[in-house]
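Because only heavy atoms are used, hydrogens play no part in the values below, and waters and symmetry mates are left out as well, while side chains stay in.
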Amino acid sequence: MNVVDRLIEEHVLRTAEYVELLKLADNQDVVAQLADEAVRLRKKNYGNKVFTRGLIEFTNYCKNNCYYCGIRRGNQHARRYRLTKDEILACCVNGYELGFRTFVLQGGEDPFYTDEKMVDIIGTIKKKYPDCALTLSIGEKSYESYKAYKEAGADRFLLRHETATEEHYRMLHPVEMSLDNRKKCLYELKELGYQVGAGFMVGSPGQTIDNLAEDLMFLQKLKPQMVGIGPFIPHHETQFAAEPAGSVDMTLYLLSIIRIMLPHVLLPATTALGTLDPKGRERGLSVGANVVMPNLSPVKNRKQYELYDNKICTGEEAAECRGCLGNRVASVGYELVNERGDYVESL
Ligand code: 5AD
Ligand code: FES
C-alpha cells in the first residue's frame, strides 16, 4: 500500500513514510486526496462548526530570546506593554458579548505575572464566566506552577514545541533553552489534565523535510488535543530578517495530514496563515482546520504584540473581527459558533 493510503487507513506512519509523504507536497492529486479525507473527518467529528477563541495578548515582555520572535528579550526596539487585571477583564466582557466562550491568555514569559497574580486572574475569569473555557499560552513553567493554574480553573494550555529535532532547535534558540524541557512541559501539562496544544512553524530557518517528519512523529506520540501550525514569517528586528517566509501550500498540506493523524484534533487556521495569504484562513478551513483565533486585545496594544512582520487584524475592533471572521467562515461553507468547543474523543 502506498503512504497516502496507509495514512488514510491507519492514521499512523513511520518516520521514513512521513518523509516520503512530505515529498509529495507538490503532487496535486495527493494534496487533493488528503484534503478531501481531512474534510471528511472534520465533518464527521465536528460537522460544519468552526470554533472561535478570543485571544488576549496580555504582555509582550519576555525573558527568552528565541531568534525568530519579534518580542524576544534582545529586541531593544520593541515597545513593551502589560495589561492590568482590569484591562484583561474588560477584554473578556467585550468578548463574551460578542459570543466568545473560550478566552486565551497569551503572553511572553514575563516574570512580572507571578503564580500568585496568574492564579488570581484565572480564578476571577472562571468565576465570572463559568460557562467559558480558559486557555493559557504563557510558556515553560514548573510542574507546581502548571498545577496551581489548573487548580485555579485553567482548562487548556498552548505550548508549541517549535521543532522536535535537537539540531534544528539549536538553530532557533539560544543555549539556555532546551527542547527536552519543552517536551517535558507538554507531558506534564497532559498529566495534569489540561487539553494541550503543541505545534511548530512551517518553513522556519534551517527546517528540513526530515525535521518536519520528526514534528509529525512527535505529535503522533504526544497526541495533543490541539495543534497550532503556521508559516514562519520573518521579523525585521531579528537575525532572521532576511530569511524567506514559510510556504502557505506546505502549511495547508500539513494541516490535512495532521487532521488525518489526529481526527478529533482542534486545529486552528492561524493568523500567520492569514498574514501570508489574504484567503489563508479560509483555505485552512477548507483543508481540515476547524478553529479560528481572532484578537480580543485592546486595539492600542495590538501592533506591539509583533511576533512577525505585517501581522493582520491589528487595527480592527474585536466586534469587526468577529463579523469579518463570521463572513469569512461562511464563505467556505462553515458556521462560526458561540461554544466552548472542547476536544471530544467521540461525538
Ligand atoms: N513567524 C511565525 N510564527 C512565529 N511565532 C513566533 N515568531 C514567529 C514568526 N516570526 C510563533 C511561535 C510561537 C507562537 C506564539 O508564534 O511558534 O509559539
Ligand atoms: Fe480580524 Fe478579519 S478577523 S478583521
Side-chain angles (χ1 to χ4, degrees), residues 53 55-85 87-88 91 103-122 125 134-150 152 154-164 169-190 192 194 196-201 204 224 226 228 230 232 235 237-240 270-272 293 295 297 301-302 304-308 311:
R53 322 303 193 190
L55 187 62
I56 304 171
E57 297 155 337
F58 70 100
T59 171
N60 72 349
Y61 283 83
C62 191
K63 68 179 171 67
N64 291 332
N65 213 14
C66 308
Y67 300 144
Y68 46 84
C69 182
I71 64 167
R72 68 191 215 295
R73 176 186 78 223
N75 181 4
Q76 308 273 343
H77 298 285
R79 277 189 301 132
R80 306 285 171 176
Y81 73 93
R82 294 184 172 109
L83 300 189
T84 63
K85 182 181 173 188
E87 285 176 308
I88 294 171
C91 294
F103 300 119
V104 182
L105 291 181
Q106 184 174 87
E109 289 191 22
D110 181 357
F112 172 84
Y113 296 91
T114 57
D115 285 354
E116 199 187 348
K117 288 200 182 87
M118 285 313 299
V119 162
D120 175 46
I121 293 167
I122 294 162
I125 294 176
L134 185 57
T135 306
L136 302 178
S137 178
I138 54 175
E140 297 176 29
K141 308 276 175 181
S142 68
Y143 183 87
E144 289 67 37
S145 299
Y146 287 150
K147 187 160 180 278
Y149 310 150
K150 188 78 183 52
D155 302 282
R156 309 183 188 139
F157 205 105
L158 304 177
L159 184 72
R160 290 188 179 180
H161 63 282
E162 311 297 359
T163 174
Y169 188 89
R170 291 270 63 92
M171 295 175 67
L172 301 178
H173 303 94
V175 283
E176 66 271 17
M177 293 184 72
S178 115
L179 177 58
D180 285 347
N181 191 58
R182 206 152 181 97
K183 289 182 175 171
K184 175 166 157 271
C185 287
L186 283 162
Y187 281 103
E188 289 181 349
L189 288 161
K190 264 205 119 180
L192 284 162
Y194 284 94
V196 171
F200 54 89
M201 292 174 285
S204 57
M226 306 172 282
F232 162 75
H235 183 284
E237 299 276 7
T238 65
Q239 67 189 67
F240 295 141
T270 53
T271 305
M293 300 177 63
N295 207 320
S297 313
N301 300 115
R302 285 188 190 180
Q304 289 164 269
Y305 200 82
E306 191 186 54
L307 306 180
Y308 47 80
K311 192 173 155 206

Audit row: Glu176, Arg73, salt bridge (Lys or Arg N to Asp or Glu O under 4.0 Å) steps and yes/no: CA-CA 13 Å; Glu176 66 271 17; Arg73 176 186 78 223; 3.7 Å; yes

For [X] versus [Y], what's the shortest heavy-atom pair and its separation?
| X | Y | result |
| --- | --- | --- |
| Gly74 | Asn65 | N-OD1, 2.8 Å |
| Cys91 | Ser297 | SG-CA, 4.3 Å |
| Ala198 | Pro224 | N-CB, 4.1 Å |
| Ile138 | Phe157 | CG1-CZ, 3.7 Å |
| Leu186 | Val196 | CD2-CG1, 3.5 Å |
| Asp115 | Ser145 | OD2-OG, 2.6 Å |

Indicate yes or no: at least one non-hydrogen side-chain atom of [X] is less than 4.5 angstrom from one of [Y].
| X | Y | value |
| --- | --- | --- |
| Asn301 | Leu83 | yes |
| Tyr308 | Phe232 | no |
| Leu158 | Leu136 | no |
| Phe103 | Thr135 | no |
| Asn181 | Glu140 | yes |
| Leu189 | Lys150 | no |
| Arg82 | Ile88 | no |
| Leu172 | Phe240 | yes |

Check whether any side-chain N or O of [X] sits under 3.5 Å from a backbone N or O of [Y] as a donor-acceptor pair, and report yes or no.
| X | Y | result |
| --- | --- | --- |
| Glu87 | Thr84 | yes |
| Arg160 | Gly228 | yes |
| Asp110 | Cys62 | no |
| Tyr146 | Lys141 | yes |
| Asn75 | Gly70 | yes |
| Arg302 | Glu306 | no |
| Arg80 | Ile71 | yes |
| Asn60 | Arg79 | yes |

Greater than 12 external heavy atoms within 6.0 Å of Glu116's CD: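 Result for CD/Glu116: open.
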
Lys147 atom NZ: more than 12 heavy-atom contacts under 6.0 Å: no

Verdict with reasoning, Leu134 to Leu105, per side-chain contact (heavy atoms from CB on, under 4.5 Å): CA-CA 8 Å; Leu134 185 57; Leu105 291 181; 4.2 Å; yes

Full working for side-chain contact (heavy atoms from CB on, under 4.5 Å) between Tyr68 and Gln239: CA-CA 7 Å; Tyr68 46 84; Gln239 67 189 67; over 6 Å; no

Do [X] and [Y] have their ring centres less than 6.0 Å from each other?
| X | Y | result |
| --- | --- | --- |
| Tyr61 | Phe112 | no |
| Phe58 | Tyr113 | yes |
| Tyr169 | His161 | no |

Separation of Tyr194 OH from Met226 CE (nearest 0.5 Å): 11.0 Å

Donor + acceptor pair across side chains of Glu109, Asn64 (<3.5 Å):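 Yes, a side-chain donor-acceptor pair sits under 3.5 Å.
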
Side-chain H-bond candidate by donor/acceptor type, Asp180 with Ser178, under 3.5 Å: no

Verdict with supporting geometry, Cys69 and His235, side-chain contact (heavy atoms from CB on, under 4.5 Å): CA-CA 7 Å; Cys69 182; His235 183 284; over 6 Å; no

Full working for side-chain contact (heavy atoms from CB on, under 4.5 Å) between Thr59 and Tyr81: CA-CA 6 Å; Thr59 171; Tyr81 73 93; 5.8 Å; no

Option from Gln106, Glu57, Lys311 for which side-chain hydrogen bond (donor to acceptor under 3.5 Å, both in side chains) with Tyr305 holds: Gln106

Six-ring centre of Tyr67, Arg72 cation under 6.0 angstrom, axis tolerance 45°: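 No - Arg72 does not lie over the ring of Tyr67 by the 6.0 Å and 45° rule.
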
